[in-house]
Structure formats: structure tokens, C-alpha cells
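Being a predicted model, the structure only gives us computed values, none of them experimental. In each ligand, atom 1 is the first atom listed, and ligand 1 is the first ligand listed. Positions are given from 1, in the same order as the sequence printed here.
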Amino acid sequence: MTQWTDLRSLDKNELTDIILQMGEKKYRAGQIYGWLHKKLVSSPDEMTNVPGSLLLALLKDHPFYDVKEIERHVSGIDGTMKFLFSLHDGNVIESVLMPYKHGNSVCISSQAGCRMGCRFCASTLLGLSRNLYPSEMLGQIYAIQKATGERVSHVVVMGTGEPFDNFEALCRMIDMLCHPEGLNISRRNITVSTCGIVPKIYEFADRNPQVTLAISLHAPDDEVRRELLPVARKYPLDELMKAADYYVKKTGRRITFEYSLVRGNNDSPAQAKKLARLVKGMNCHINLIPVNPIRERDYRQSESRSVSEFKHFLEQEGIQVTVRREMGRDIQAACGQLRKSYKERSGS
Ligand code: SAH
């Protein structure tokens, strides 16, 4: 038995073992798993063809934890929706739905809060409350699919939290999301973003070679990177780039580097040049994100001229680069802003 015992965190094999140990027929496990992960019930009462006595016995050791929508904000600019969910213990987390031409993409949180301390990020200001269970990561996707009535086709683990700081739950969540008896999402449609926990990059490449990896780079040298991302004090750039290279070679997939542009900090032509040198020859894509300023810090967005010059320079060097569209600016869609403002409003 793994560390998660709540009903919706159990994978198909575990659920089957439990059902058999209870002296029940194996097909019951299939029924229950389908209710939980395909029909997406919000309460065990909805499993109408499962005997009540069996459910009651099962729930005794394996409680059903749902995520409950408490707020929804819809952007008037681009249709982005931001959801605030409460968990069974009162924690709150946020998730974002981004409707694209190619399908609905959901950005989920992997932790309630975060302990990584990245300077411009609102998610980390209140520290880490706790890791999310696999069921709570899945629950965000399920709740959004139910709320909109539309299939979720892409999942990005780029919300609050550092996914590689909750590694086993993350891998379990991915396996369950891609399970044929669940939502059956393609691994290729999942992206996980890390601030750069090097040993986990190797492990992830070995265990999830089809999943897209994004690394928060944000600076082309250790000095500036350490200022923005405390994790860089532990894992310097040369180690990080070696791990990125391992991912690319091992998986044959293109890696994404996220680079949030902060005015006067990491957006100079010299830094663009250094960045180009750093990634030259690697199968990668650079995603430039004009920093989304948060009230608590005085980081400012790069001027649009610096953004285009930065981008242009990388393009000239033959590097694939895009500037991320700013989605849902009017609804506090930057990492962790909504959760934090909710906690302030509610005094929790
Ligand atoms: N912990 C993961 C995922 C978190 S957020 C990681 O660090 O990758 C996803 C991306 O948004 C990261 O690159 C993060 O550094 C960036 N980010 C967070 N807050 C931001 C802000 N206010 N403006 C711009 N980018 C931000």
C-alpha cells in the first residue's frame, strides 16, 4: 500500500486488491474505478450500481475526498477561467482553464502553497501548506471538465507548487490521468514545469519519457538566477543544463525553457546573447513570459521593445522562441495570486 489511502488516489491495481481482500468480486473494482475516474462522480452516492454495504465498508478506510469549487472568475479578455477549490481539510487551491483552438487546457496546482521562494511568484509568499494527493490533482481536472461540460485534452502542471517537490504523487497522478479506464489523456498532452530540481529531472526522464518537460530558467547565469530562484543555490546552471540535455537525449523530445522577463534584471541584449550560447544546439524552445508584477515585490515587466529585441536576437541565432500570451490578466491568473487574495479576504 502506498502513502495515499483516500479512495480516488488508489490506482486500479490497488483498488482491485482491496476489493478482493474484502471478499468481493473483481468486477466491482472496475465499476468503482469507472465511476471515480471516467464518470467523475462528486459523491460516492452517485455510484448507483454498487451495493451500499460495499461502499460503506470501503469508505471506512478509504474516504472520498473531493475538491469543491468556491469561486470562479472568467476573463472578459480571452475566456480564461480561474477556479478556486477548497479541499477536505480547508486548504484552498487554484486552477486555470485555458480554451485554445486545439482543445481545452487545464493548469493545475501540485501543492497547497510552495516552499521554493522564487522572487516574483505569488504562490510562494505564504510558504508551503502541504503536498496535494494524487486525487486532489486529478480532482481539479475532473471538476473543471464537469463544470464546463467539455473534454479536457491538455494538462499543464504549472499552477501553485513545485511538482518535483511532490514527485511520487505527481507520477501517480499522470499514470491515472492516462489510464484507459480514466480520462485517457495522451502523455504527450501533459506538460510538467519545474524550477530545476536536478535529480528529479533525471528520474522524470526515465519514468515519464513521453511527457513534456518545461524548466524555469529565467537567467542565463548563476548570479542572476540565484537572485530570482533560491533553488539555483543548490543546483547550479551547469548541472541543470546537463540534466536538460539528458532529458532531450533520453526522450527524443523537445524541452521548453521558461524565461520570465524582468525589467533591468534579465532582459538585456547581453543576457540574450548568453542565453543563446547556453542552449545552442539543444532541441529546445524558449518561452518568454513578460513578468506579471505582484503587489508584494517591485519587479516590473520589461518594456515591449526589450521583449521584441530579446526575442529577435534569439531567433537570429536559430533558436525557437515564443512570447507567451498573457492570459487572464484581468482575473489574477498569475501563479498563486487568487489563492493568496482569497486567504487575505477570508482571514485564513
Ligand atoms: N514550480 C514550477 C511551476 C510553477 S509556475 C516551476 O517553477 O516551473 C510556472 C511558471 O511561471 C514558472 O516558470 C514560474 O517561474 C513562472 N512565474 C511564476 N510567477 C510569475 C510571475 N508573476 N510572472 C511571470 N512568471 C511567473
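Between D267 and R263 there is no salt bridge, since none of the side-chain N atoms of the basic residue sits less than 4.0 Å from a carboxylate O of the acidic one. K200 has a carboxylate O that lies under 4.0 Å from a charged side-chain N of E203, or vice versa, which qualifies the two as a salt bridge.
Close contacts between ligand 1 and V291 involve ligand atoms 23 (N), 24 (C) [criterion: under 4.0 Å to a heavy atom]. Close contacts between ligand 1 and G159 involve ligand atoms 4 (C) [criterion: under 4.0 Å to a heavy atom]. Heavy-atom proximity to S260, at under 4.0 Å, picks out these atoms of ligand 1: 24 (C), 25 (N), 26 (C). Against a heavy-atom cut-off of under 4.0 Å, H218 is close to the following atoms of ligand 1: 13 (O), 14 (C), 15 (O). Of all atoms in ligand 1, listed by their number and element, those nearer than 4.0 Å to a heavy atom of E258 are 9 (C), 10 (C), 12 (C), 13 (O).
When the heavy atoms of I294, L228, N292 are ranked by distance to atom 22 (N) of ligand 1, first place goes to N292. For atom 9 (C) of ligand 1, the candidate residues are M158, Q111, R297; the nearest heavy-atom contact is made by M158.
Between atom CG of residue N189 and atom CG of residue L183 there is a gap of 12.0 Å, rounded to the nearest 0.5 Å.
By the criterion of a heavy-atom distance under 4.0 Å, both the backbone and the side chain of S193 are placed next to ligand 1. Contact annotation for M116 and ligand 1: no heavy atom of the residue comes within less than 4.0 Å of the ligand. Residue contacts with ligand 1, taken as heavy atom pairs separated by less than 4.0 Å, do not involve L229 at all.
For the side-chain hydrogen bond (donor to acceptor under 3.5 Å, both in side chains) test, no residue two or more places apart in sequence or in another chain qualifies with S110.
In terms of polar-atom proximity, defined here as any N/O pair under 3.5 Å, F120 does make such a contact with ligand 1. Considering backbone and side-chain N/O of C121, none are found under 3.5 Å from N/O of ligand 1.
For the pair R254 (side chain) and H285 (backbone), a donor-acceptor distance under 3.5 Å is absent. A donor-acceptor pair is defined here as one N or O able to donate and one able to accept, closer than 3.5 Å; such a pair exists between the side chain of D11 and the backbone of N13.
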